[in-house]
Amino acid sequence: MTSFDTSPQLNVWRALLALAVVFVMLATTGWTALRNQREATPLQASLESWAHGRLHGHPLPDPDAAPAQLTRFFASLTSQERVRLAQRYPLAVGNMNGAPVKLRYQANRLALLRARAVERTRMHDTRLTPSGQQEAGRRMHRFESLTAPERHILAFDPDGSGRVAEVFGDLGTAERISLVVPGVDTDLLTFQRTSRSYSAPVGMAKALYQAERAASPATRTAVIAWADYTAPAGLGIDSATAMRAETGAVRLNALVRALPGASPVSLFCHSYGSVVCGVAAHTLPDRVADIAVAGSPGMRVANASHLRTTAHVWAMRDADDWIQDVPYMEVGGLGHGADPVSSAFGARVLSARGADGHAGYFEPGTESLLNFAEIGTGAYSSVQCAHEDEACRAGLSGTATAGRA
């Protein structure tokens with residue numbers, strides 16, 4: 001690891017860590033009280049409405065019930081009854097783990113159309129500042145783009161900076177499922193970018209899906225761009241602690257457990273997303289075959305074995321990635337632990353050749369993306385290791401087509 005003595009990134013992190021305790025204290029006193037006084041969000045309102053709803057005189061099931069229970073409930077309904085529930089409670093159904101995937105797509109499209117109408121009205125609300133009206137316009141256009149017929153939105157929450165997840169491929173028939181878990185500065189407006197498209201969740205997932213299809217045309221795959229957690233904004237207190245990762249890990253685990261079928265799942269976790277995956281690792285089901293991190297600030301453990309997972313743990317970092325200058329330590333909850341590409345950590349270290357910095361791991365033509373695609377299709381014997389000893393492939397061969405017990 002490079003020396004940190006003159007690193008500007010280290011100086012930034014030292015300043016942030018020095019302020020962290022103050023911000024944590026504030027966040028647990030007056031600021032928390034103010035946040036608790038907020039009105040119910042659109043998603044909360046939809047869930048509360050569902051909780052008071054009835055079908056044929058019977059109460060609807062708890063939306064937080066086990067996915068298997070909710071799956072059985074929806075399976076007992078006619079197609080008309082399912083559609084009626086989606087129309088009446090679009091945000092609740094669209095975010096309900098256990099609801100049929102295609103019904104979630106339909107419900108989220110309705111929710112997006114309603115959210116688009118709200119933002120269109122806000123664009124002309126004179127009570128907003130010009131910048132507020134402009135932001136409403138950007139949100140309106142983003143919601144509109146997400147309603148396109150070819151887009152499959154698995155989760156959507158318009159509150160605050162927003163959360164969203166999109167599927168590429170067919171989850172119902174996929175033999176392998178991949179999830180892209182992004183890092184800081186991820187929200188509804190940054191979910192997709194025109195410039196530097198492969199640094200945003202949609203571009204990452206699209207590139208991975210196309211690379212998997214090219215790597216193994218006979219393998220049916222699906223890729224999820226998963227921005228369904230509230231990511232930290234910039235290099236501040238939230239990115240230096242695990243607070244956002246802990247809530248994100250709960251949501252990630254819930255989604256994985258609700259995915260249809262029993263196909264193996266591979267997680268591809270970028271930057272702070274690797275903190276989310278590290279925190280979630282011990283709770284994830286055994287169908288998670290791989291946890292691959294790129295440009296990681298740490299996974300909140302000192303060694304890969306401490307993740308307590310049966311999944312293969314992979315790591316990569318480009319030589320020009322600035323994240324290598326972040327202190328790999330954890331003190332009093334600040335920092336994220338050991339360097340995942342260090343030999344002491346024990347991950348299978350992959351080549352990231354061609355990635356070109358922190359945001360380039362999903363760029364087409366890079367060895368990093370090709371490695372992700374080989375992992376995503378289970379072709380472990382084809383991955384390119386970071387070191388000549390090829391230790392990253394030790395004990396692995398062929399193509400995995402099923403999860404491990």
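- The closest donor-acceptor contact from the side chain of Ser296 to the backbone of Pro340 lies at 3.5 Å or more, if one exists at all.
- Residues Cys392 and Val349 fail the side-chain proximity criterion, which asks for heavy atoms closer than 4.5 Å.
- Between the side chains of Ser381 and Arg393, no donor-acceptor pair is found at a separation under 3.5 Å.
- Smallest separation of non-hydrogen atoms from His358 and Gly295: CE1-O, 3.2 Å.
- Under the ring-ring contact (aromatic ring centres under 6.0 Å, His included) criterion, Phe168 pairs with no residue at all, not counting sequence neighbours.
- For the salt bridge (charged side-chain N to carboxylate O under 4.0 Å, His left out) condition, no pair includes a residue of residues 369-384, sequence neighbours left out.
- A heavy-atom distance below 4.5 Å is not found between the side chains of Val331 and Leu334.
- Legend: residues meeting salt bridge (charged side-chain N to carboxylate O under 4.0 Å, His left out) with Glu48, ordered by chain and number and at least two apart, are absent.
- At a threshold of 4.5 Å between non-hydrogen side-chain atoms, the residues Arg163 and Thr230 count as touching.
- Applying the ring-ring contact (aromatic ring centres under 6.0 Å, His included) rule to Tyr361 yields the partners His270; only residues at least two apart in sequence or on another chain are considered.
- If you check the side chains of Asp290 and Ser266, you find a donor sitting under 3.5 Å from an acceptor.
- Judged by distance alone, the side chains of Thr190 and Asp187 do bring a donor and an acceptor atom under 3.5 Å apart.
- Sorted by first and then second residue, the ring-ring contact (aromatic ring centres under 6.0 Å, His included) pairs with a member in residues 219-266 read Trp226-Tyr229; sequence neighbours excluded.
- Annotation: side chain of Ser216 is not in contact with side chain of Arg176 (no heavy-atom distance under 4.5 Å).
- Although no hydrogens or angles enter the test, the distance criterion places no donor-acceptor pair under 3.5 Å between the side chain of Arg300 and the main chain of Val276.
- Applying the ring-ring contact (aromatic ring centres under 6.0 Å, His included) test to every pair with at least one member in residues 191-224, sequence neighbours left out, gives no pairs at all.
- Atom OG1 of Thr147 sits about 11.0 Å away from atom CZ of Phe143, to the nearest 0.5 Å.
- Under the 4.5 Å side-chain criterion, counting only non-hydrogen atoms from C-beta, Met299 is not in contact with Val275.
- Of the residues Arg138, Arg116, Arg151, Arg120, the one that meets the salt bridge (charged side-chain N to carboxylate O under 4.0 Å, His left out) test with Glu144 is Arg116.
- The two atoms that bring Ala315 and Val341 nearest to each other are CB-CG1, 3.9 Å, heavy atoms only.
- Within the 4.5 Å cutoff, the side chain of Val93 has heavy atoms near those of the Leu103 side chain.
- Checked options Phe268, Phe372, Tyr380; the residue passing with Trp314 is Tyr380 (criterion: ring pair (Phe, Tyr, Trp, His ring centres under 6.0 Å)).
- Checked against the 6.0 Å centroid criterion, the rings of His336 and Tyr328 do not qualify as a close aromatic pair.
- Residue pairs meeting the salt bridge (charged side-chain N to carboxylate O under 4.0 Å, His left out) criterion with at least one partner in residues 245-260, sequence neighbours excluded, are Asp228-Arg251.
- Listed by first and then second residue, the disulfide bond (SG atoms under 2.5 Å apart) pairs that reach into residues 228-306 are Cys269-Cys277, sequence neighbours excluded.
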Check: residues 61-69 side-chain donor-acceptor pairs under 3.5 Å, at least two apart:
| from | atom 1 | to | atom 2 | distance (Å) |
| --- | --- | --- | --- | --- |
| Asp62 | OD1 | Asp64 | N | 2.8 |

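- Listed by first then second residue, pairs satisfying disulfide bond (SG atoms under 2.5 Å apart) with a partner in residues 327-360 number zero, not counting sequence neighbours.
- For residues 76-131, the set of pairs meeting the ring-ring contact (aromatic ring centres under 6.0 Å, His included) definition, not counting sequence neighbours, comprises Trp50-Tyr89, Tyr105-His152.
- For Glu175 and Thr219, the side-chain atoms include no donor-acceptor pair closer than 3.5 Å.
- The stretch residues 152-243 participates, sequence neighbours left out, in no disulfide bond (SG atoms under 2.5 Å apart) pair at all.
- For Arg193, the CZ atom is densely surrounded, since the number of other residues' heavy atoms within 6.0 Å is greater than 12.
- A heavy-atom distance below 4.5 Å is found between the side chains of Leu47 and Leu43.
- Side-chain atoms of Glu119 and His141 form no donor-acceptor pair, as typed in the model, at a separation below 3.5 Å.
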